[in-house]
Amino acid sequence: MTKLLSMNRRNFLQASAAGALAGLAPGLLASRAAAQTALTVGFIYVGPKDDYGYNQAHSEGAAAVKTMPGVTVVEEENVPETVDVQKTIESMINLDGASLIFPTSFGYFDPHMLAMAAKYPNAQFRHCGGLWQKDKHPMNTGSYFGYIFQGQYLNGITAGYATKSKKIGFVAAKPIPQVLQNINAFLLGARSVDPAITCQVIFTGEWSLAVKEAEATNALIDQGADVITCHVDSPKVVVQTAAGRGAFVCGYHANQSPIAPEKYLTGAEWAWGNVYSNFIKQAQAGQALPNFVRGGLKDGFVKMSALGPGVSDAARKKFEATKAEMIAGGFSVFKGPLKDNKGKQVIDGGKAYAEDAIELESMDYLVEGVVGSTA
């Protein structure tokens with residue numbers, strides 16, 4: 001969307017007869033549902049669509065939807081996690097006739113998406129994350145997410161073979177369960193190569209803070225880390241800074257190999273095109289959309305970047321074998337005996353968690369070998 005169109009979206013209801021248009025929305029949506037094959041879908045991003053990260057991954061998913069017959073896609077980028085997202089949703093419904101909305105950012109869910117779902121009960125809303133609860137949230141809302149920690153484990157395998165210092169580094173935004181899963185999986189993958197490897201993590205406190213991300217990357221390298229990965233909205237700064245210092249990098253969210261071709265080992269990427277296409281097919285067929293959708297490598301929710309020139313033959317062999325096990329459904333990233341980095345046993349010996357285990361949804365610890373704190 002151009003800046004002008006973005007402004008029009010956010011100010012649409014203030015600049016027009018909002019009440020009348022809102023009243024027309026249910027009928028408009030019903031007529032579209034009757035057509036089934038004609039569907040307008042809205043995608044909302046918290047940052048730019050070309051950020052080499054979180055937003056780009058979703059934009060690539062939207063691009064796949066654009067190729068589907070009978071589908072019109074409307075998008076808006078750089079929408080903050082404020083009432084602005086409500087204005088964007090309203091204009092997509094009333095101005096564009098969207099009946100299915102994907103507000104992709106974590107902070108869009110409550111209160112913003114929930115408020116719009118209550119106001120427009122004939123529209124469907126699906127949010128990226130794990131926040132939807134059956135006994136709490138409207139049935140015209142839902143969530144989708146992927147087990148991308150599988151990809152971080154595979155990242156860790158390549159890091160385990162590439163590191164010379166036996167120190168790898170992780171730049172993270174916030175210590176929430178999904179971030180902790182990724183940090184832990186990265187180290188566990190590396191330790192499957194060499195149990196002596198350690199991982200230092202630095203939390204920046206924000207999803208997008210370029211200055212702190214650069215500082216954290218430099219600090220990790222200064223302390224000996226020679227392979228770096230991250231979990232922030234846009235890995236671009238981390239990847240460029242690390243590669244510029246001569247460290248290897250593993251990507252996240254989208255493919256960052258073009259900005260560090262010689263130092264990029266591989267990356268854990270989202271495959272949102274598959275997820276969004278499934279939602280669209282169900283909507284066009286007049287089927288009820290699922291409210292809670294999850295998947296990993298075997299489900300086509302997650303994919304890996306191509307292996308880079310810094311990946312050895314031994315690393316490639318172990319990487320491909322482990323990836324094949326994950327796709328077949330016979331591999332567990334988190335299994336015991338496993339201790340946290342404070343010495344407490346968190347997974348007993350003989351216990352192995354499937355990727356969809358509820359225990360992983362509430363992970364609140366860093367595993368043994370991670371230097372850092374969740375506090």
Side-chain angles (χ1 to χ4, degrees), residues 106 109-110 126-137 141-157 160 168 170 172-192 195 197-199 201 203 207 229-231 252-253 268 270-271 275 290-304 322-323 325-375:
F106 185 84
F109 186 83
D110 189 359
R126 292 300 180 270
H127 176 262
C128 183
L131 299 178
W132 187 85
Q133 298 176 43
K134 183 177 181 180
D135 59 349
K136 185 177 179 181
H137 298 127
T141 65
S143 68
Y144 58 96
F145 212 62
Y147 308 124
I148 201 166
F149 62 80
Q150 293 180 318
Q152 281 289 15
Y153 186 94
L154 294 170
N155 274 351
I157 289 176
I168 58 179
F170 201 112
K174 300 182 181 184
I176 63 173
Q178 201 252 326
V179 177
L180 300 181
Q181 290 169 16
N182 284 330
I183 298 167
N184 292 337
F186 183 56
L187 177 60
L188 291 173
R191 284 197 155 188
S192 73
I197 294 173
T198 61
C199 176
V201 58
F203 292 99
W207 295 111
T229 193
C230 63
H231 184 158
Y252 189 64
H253 289 316
W270 298 108
V275 180
N291 300 98
F292 194 82
V293 177
R294 295 288 185 278
L297 279 166
K298 68 180 180 181
D299 309 292
F301 281 44
V302 177
K303 61 184 178 179
M304 297 302 296
T322 305
K323 179 182 173 184
E325 282 190 69
M326 288 179 173
I327 293 174
F331 187 89
S332 177
V333 169
F334 296 103
K335 51 185 176 289
L338 185 66
K339 294 181 178 180
D340 66 15
N341 65 356
K342 298 178 182 177
K344 177 185 176 183
Q345 186 146 309
V346 289
I347 304 179
D348 293 332
K351 174 70 175 178
Y353 288 125
E355 61 267 20
D356 60 350
I358 190 65
E359 291 87 349
L360 301 183
E361 293 283 335
S362 58
M363 183 172 285
D364 61 357
Y365 57 84
L366 293 168
V367 299
E368 185 177 27
V370 176
V371 181
S373 173
T374 60

Practice problem: Could you tell me which residues satisfy ring-ring contact (aromatic ring centres under 6.0 Å, His included) with Y147, sequence neighbours excluded, listed by chain and number? | Solution: none
Practice problem: Sequence neighbours left out, what passes ring-ring contact (aromatic ring centres under 6.0 Å, His included) with F145? Give chain and number order. | Solution: W270
Practice problem: If the plane angle is over 60° it's perpendicular, under 30° parallel, otherwise tilted; pick one for H253 and H231. | Solution: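 It falls in the perpendicular class, over 60°.
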Practice problem: Describe, in one word, how the ring planes of F109 and H137 are oriented to each other, choosing from parallel (under 30°), tilted (30 to 60°) and perpendicular (over 60°). | Solution: perpendicular
Quiz item: For K323, which residues count as a salt bridge (Lys or Arg N to Asp or Glu O under 4.0 Å) partner, sequence neighbours excluded?
Solution: none
Kindly write out the residues that satisfy side chain to side chain donor-acceptor pair (under 3.5 Å) with [X], not counting sequence neighbours, or none if the list is empty.
| X | result |
| --- | --- |
| Q178 | Y252 |
| Q345 | D348 |
| N155 | Q152 |

Practice problem: Applying side-chain contact (heavy atoms from CB on, under 4.5 Å), run through V370 and N184 and close with a yes or a no. | Solution: CA-CA 8 Å; V370 176; N184 292 337; 4.1 Å; yes
What's the separation between atom [atom1] in [X] and atom [atom2] in [Y], rounded to the nearest 0.5 Å?
| X | Y | atom1 | atom2 | value |
| --- | --- | --- | --- | --- |
| Q150 | M304 | CD | CE | 10.0 Å |
| I176 | S362 | CD1 | OG | 13.0 Å |
| L297 | M326 | CG | CE | 6.5 Å |

For [X] against [Y], the heavy-atom pair lying closest together:
| X | Y | result |
| --- | --- | --- |
| P175 | L180 | O-CD1, 3.9 Å |
| I197 | G160 | CD1-CA, 3.6 Å |
| S143 | G129 | CB-O, 3.1 Å |
| F149 | Q181 | CD2-OE1, 3.3 Å |
| Y153 | S192 | OH-CB, 3.5 Å |

Practice problem: Would you please test W207 and V179 for side-chain contact (heavy atoms from CB on, under 4.5 Å) and show each step? | Solution: CA-CA 11 Å; W207 295 111; V179 177; 3.8 Å; yes
Quiz item: Distance-only, no hydrogens or angles: does the W132 side chain make a donor-acceptor pair with backbone N or O of T141 under 3.5 Å?
Solution: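 Yes; at least one donor-acceptor contact below 3.5 Å.
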Self-check item: Residues forming a side-chain contact (heavy atoms from CB on, under 4.5 Å) with L338, sequence neighbours excluded
Solution: L188, V346, I347, V367
Quiz item: Who are the side-chain contact (heavy atoms from CB on, under 4.5 Å) partners of T198, not counting sequence neighbours?
Solution: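 side-chain contact (heavy atoms from CB on, under 4.5 Å) list for T198, sorted by chain: K167, R191.
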Note, [X] side chain near [Y] side chain (heavy atom, < 4.5 Å):
| X | Y | value |
| --- | --- | --- |
| L131 | D110 | no |
| N182 | I148 | yes |
| L187 | F170 | no |

Self-check item: Summary of salt bridge (Lys or Arg N to Asp or Glu O under 4.0 Å) pairs that have at least one residue in residues 349-364, sequence neighbours excluded
Solution: K298-E355
Quiz item: Can you list every pair that meets salt bridge (Lys or Arg N to Asp or Glu O under 4.0 Å) and has a residue in residues 331-345, with sequence neighbours left out?
Solution: none
Quiz item: Given N291 and K134, is the side-chain contact (heavy atoms from CB on, under 4.5 Å) satisfied, shown in steps?
Solution: CA-CA 8 Å; N291 300 98; K134 183 177 181 180; over 6 Å; no
Practice problem: Output, in order, the C-alpha distance, side-chain angles, deciding distance and verdict of side-chain contact (heavy atoms from CB on, under 4.5 Å) for V333 and L360. | Solution: CA-CA 11 Å; V333 169; L360 301 183; over 6 Å; no
Quiz prompt | Selection residues 343-370 - residue pairs positive for ring-ring contact (aromatic ring centres under 6.0 Å, His included), sequence neighbours left out | solution =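 ring-ring contact (aromatic ring centres under 6.0 Å, His included) check on residues 343-370 returns no pairs.
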Quiz item: CZ of F106: more than 12 outside heavy atoms within 6.0 angstrom?
Solution: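 For F106, atom CZ is not crowded (no more than 12 foreign heavy atoms under 6.0 Å).
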